[in-house]
Asks: 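Below is the structure I would like to discuss, written out as structure tokens.
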Amino acid sequence: MTMPLSFYIHIPYCVKRCGYCDFNTYTPGELKPGSDIAQVSNGYIDLLIQEGKIARSEVKTTKPIETIFFGGGTPTLMEPADLGRVLKSLEADFGFASNIEITIEANPDTVSRGKLADLREVGINRISFGMQSAVPHVLAVLDRTHNPENVIKATTWAREVGFEQVSADLIYGAPGESLKDWETTIDAALALPITHISAYALIVESGTKLAAQVKRGEVTIPEDDQTADKYLMADEKFRKAGFNWYELSNWAKPEGECRHNIAYWEGADWWGLGPGAHSHLNGKRFWNVKHPTAYRERLEAKQSPIMDSEQLTLEEMESERVMLEIRLPRGLEKSSLTSTSLARLESYLTGGQISQEQWDQGRISLTISGRLMADRIVREILL
Ligand SMILES: C[S@@+](CC[C@H](N)C(=O)[O-])C[C@H]1O[C@@H](n2cnc3c(N)ncnc32)[C@H](O)[C@@H]1O
Ligand code: SF4
């Protein structure tokens with residue numbers, strides 16, 4: 001295999017679970033009543049290193065790693081020196097490209113200036129802060145712990161200690177968030193020293209505290225039309241401030257795109273280390289046991305943590321390609337679709353959801369109104 005491999009490294013711990021989140025993450029109390037993060041994560045880094053060795057023995061690539069992403073959970077709860085040990089091990093086994101991008105997701109509450117400097121010191125060069133909102137009542141409904149002031153401090157420190165790329169993650173469409181509230185959040189994000197913004201519409205995941213509140217009628221999710229207006233407002237303001245959209249929910253200053261995410265969207269190969277992490281190698285998907293205890297038990301018994309795998313059929317690979325590529329500005333090549341699929345898109349072309357200019361040059365690229373109905377257009381293509 002000649003493709004370079006990317007690594008996703010999962011850190012499955014959070015101090016507290018936010019009410020809307022159903023990520024594979026655990027508080028110390030959930031894992032072991034009465035314990036703290038240091039106790040439950042003791043030895044975890046060595047397990048990641050051990051799994052990295054498994055990856056080395058399975059993957060034949062000779063290319064150096066181009067991107068690594070520490071996600072969570074809350075990776076910034078780990079000691080920077082420990083994250084550095086995982087990096088050293090991967091570097092020794094695979095080599096690093098000279099321009100490697102190494103990202104860490106950060107909760108603005110779990111960093112100090114000193115910690116950020118240490119993270120930079122071990123080679124992490126991109127950081128993505130979970131800002132979500134700048135409005136206290138929206139943060140409260142999202143059940144977030146941080147104070148909006150912390151985001152200003154954290155992003156400023158990140159730049160001061162030498163992070164080249166700094167991102168803020170936003171969520172829109174929370175219960176009780178007005179258009180004006182969202183504008184306040186956008187303006188606050190644009191006042192930060194950042195190079196990248198992700199903005200995702202809130203998803204009410206079943207089984208979360210938020211889903212229970214919605215079901216009991218305690219909170220109401222805003223209308224779809226208002227959520228669409230928020231997307232349009234964000235795109236306009238981000239664009240005016242010099243952030244170009246490069247994926248439906250992501251905007252970046254020139255050269256500020258997240259290369260790790262681009263690798264996912266382009267169907268590259270990656271290995272996910274950690275409990276519940278998914279991997280993709282040449283059309284084969286596999287994933288690890290989900291719970292941190294099961295993951296630990298497997299590795300301590302010198303067994304693979306992989307729980308199951310599936311080989312994608314050609315048809316599944318094609319659906320995946322369409323779903324991912326339509327989200328990008330350059331879109332899909334017309335010649336990659338059948339004439340019946342293309343015929344079904346005519347109404348979107350006349351309706352202005354697909355760019356006529358791009359169509360004439362052989363591409364299917366969504367306009368701003370098309371971006372609001374990307375899922376529907378994908379279903380039309382894949383009928
Ligand atoms: C793993 S978290 C980022 C790091 C850190 N744990 C934090 O929350 O600040 C990744 C991002 O997923 C997004 N996210 C999580 N659950 C979501 C949901 N139900 N709907 C929309 N976005 C969600 C949040 O924006 C969050 O920043
Ligand atoms: S801090 Fe991040 S990963 Fe943890 S519960 Fe909140 S949104 Fe989920």
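Counting starts at 1 for both ligands and their atoms, in listed order. The shown structure was predicted, so the numbers you read here are calculated from the model rather than taken from an experiment. These numbers come from the heavy atoms of this one structure, side chains and all, not from hydrogens, waters or symmetry mates.
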Asks: Is the distance between the ring centroids of Tyr8 and Tyr264 under 6.0 Å?
Replies: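 That pair fails the under 6.0 Å test.
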Asks: Would you say the side-chain atoms of Asp360 and Gln356 include a donor-acceptor pair closer than 3.5 Å?
Replies: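 Their side chains do contain a donor-acceptor pair, which is all the 3.5 Å distance test asks for.
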Asks: Please report the closest heavy-atom contact between Val166 and Arg159, naming both atoms and the distance.
Replies: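 Shortest heavy-atom contact: CG2-CD, 3.3 Å.
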Asks: Look at atom 22 (N) of ligand 1 and say which protein heavy atom is nearest, naming residue and atom and giving the distance to 0.1 Å.
Replies: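 Answer for atom 22 (N) of ligand 1: Ile171 CD1, 3.6 Å.
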Asks: Tell me which part of Phe129 gets within contact of ligand 1: side chain, backbone, both or neither, using heavy atoms under 4.0 Å.
Replies: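 Neither part.
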Asks: Angle class for the Trp287/His278 ring planes (parallel below 30°, perpendicular above 60°, tilted otherwise)?
Replies: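 Rings of Trp287 and His278: parallel, as their planes differ by under 30°.
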Asks: Is the contact between Ala106 and ligand 1 made by the side chain, the backbone, both, or neither, using heavy atoms and a 4.0 Å cut-off?
Replies: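 For Ala106, only backbone atoms sit under 4.0 Å from ligand 1.
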Asks: How does Arg17 reach ligand 1, by side chain, by backbone, by both or by neither, if only non-hydrogen atoms under 4.0 Å count?
Replies: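 For Arg17, there is no contact with ligand 1 at all, from either part.
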Asks: Looking at ligand 1, does Cys18 have a heavy atom less than 4.0 Å from it?
Replies: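 Contact absent.
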Asks: Give a yes/no on ligand 1: does Gly71 have at least one heavy atom closer than 4.0 angstrom to it?
Replies: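 Flag not set, Gly71 not near ligand 1.
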Asks: Looking only at the side chains, is there a donor atom on one of Tyr20 and Asp22 sitting less than 3.5 Å from an acceptor on the other?
Replies: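 No.
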Asks: Consider only side-chain N and O atoms of Asn288 and His10, and report whether a donor and an acceptor are under 3.5 Å apart.
Replies: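 No donor-acceptor contact under 3.5 Å links the two side chains.
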Asks: Kindly give the heavy-atom pair with the smallest separation between Arg56 and Thr61, and that separation in Å.
Replies: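 The pair with the smallest heavy-atom distance is NH2-O, 3.0 Å.
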Asks: For Ser336 and Arg321, test the side chains for any donor-to-acceptor distance below 3.5 angstrom and give the result as yes or no.
Replies: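 Result is yes, a qualifying pair exists.
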Asks: Ignoring hydrogens, what is the shortest heavy-atom contact between Val135 and Ser133? Give both atom names and the distance.
Replies: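 Taking Val135 first and Ser133 second, the nearest heavy atoms are N-OG, 3.0 Å.
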Asks: Would you mind checking which non-hydrogen protein atom is closest to atom 8 (O) of ligand 1, with the distance to 0.1 Å?
Replies: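 Residue, atom and distance for the closest contact: Arg144 NH1, 2.8 Å.
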Asks: Tell me whether the rings of Tyr44 and Tyr13 are parallel (<30°), tilted (30 to 60°) or perpendicular (>60°).
Replies: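 Ring orientation, 0 to 90° scale: perpendicular.
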Asks: Should Gly73 be counted as touching ligand 1, given the test is an N or O pair under 3.5 Å?
Replies: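 Yes, there is a polar N/O contact under 3.5 Å.
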Asks: Purely on distance, is any nitrogen or oxygen of Tyr20 under 3.5 Å from one on ligand 1?
Replies: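 Yes, at least one N or O pair falls under 3.5 Å.
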Asks: Around atom 15 (C) of ligand 1, find the nearest protein heavy atom and jot down its residue, atom name and distance.
Replies: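 Answer for atom 15 (C) of ligand 1: Phe23 CE1, 3.2 Å.
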Asks: Are any of the heavy atoms in Ala201 under 4.0 Å away from ligand 1?
Replies: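 Yes, Ala201 has a heavy atom closer than 4.0 Å to ligand 1.
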Asks: Under a 3.5 Å cutoff, is there a donor and acceptor pairing between the side chains of Asp187 and Thr184?
Replies: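 Distance-only check fails for Asp187 and Thr184.
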Asks: Would a 4.5 Å heavy-atom cut-off, applied to side chains only, mark Arg327 and Ser249 as touching?
Replies: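 Yes, side chains in contact.
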Asks: Distance alone, cut at 3.5 Å: any donor-acceptor contact between the side chains of Thr67 and Glu101?
Replies: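 There is no such pair between these side chains.
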Asks: Would one find an N or O of Glu105, backbone or side chain, under 3.5 Å from an N or O of ligand 1?
Replies: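 In this structure, Glu105 places no N or O atom under 3.5 Å from an N or O of ligand 1.
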Asks: Is Ile203 close to ligand 1, meaning an N/O of one under 3.5 Å from an N/O of the other?
Replies: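 Looking only at distances, the answer is yes, because the N/O contact criterion of under 3.5 Å is met.
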Asks: Could you pull out the N/O/S protein atoms under 2.8 Å of atom 6 (Fe) of ligand 2, ignoring any water?
Replies: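 Near atom 6 (Fe) of ligand 2, below 2.8 Å, one finds Cys18 SG.
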Asks: Pairs of nitrogen or oxygen atoms closer than 3.5 Å, one from Glu205 and one from ligand 1: do any exist?
Replies: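 N/O-N/O distance under 3.5 Å: no.
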Asks: Please list the nearest protein heavy atom to atom 25 (O) of ligand 1 with its residue and the distance rounded to 0.1 Å.
Replies: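 Result for atom 25 (O) of ligand 1: Gln132 OE1, 2.9 Å.
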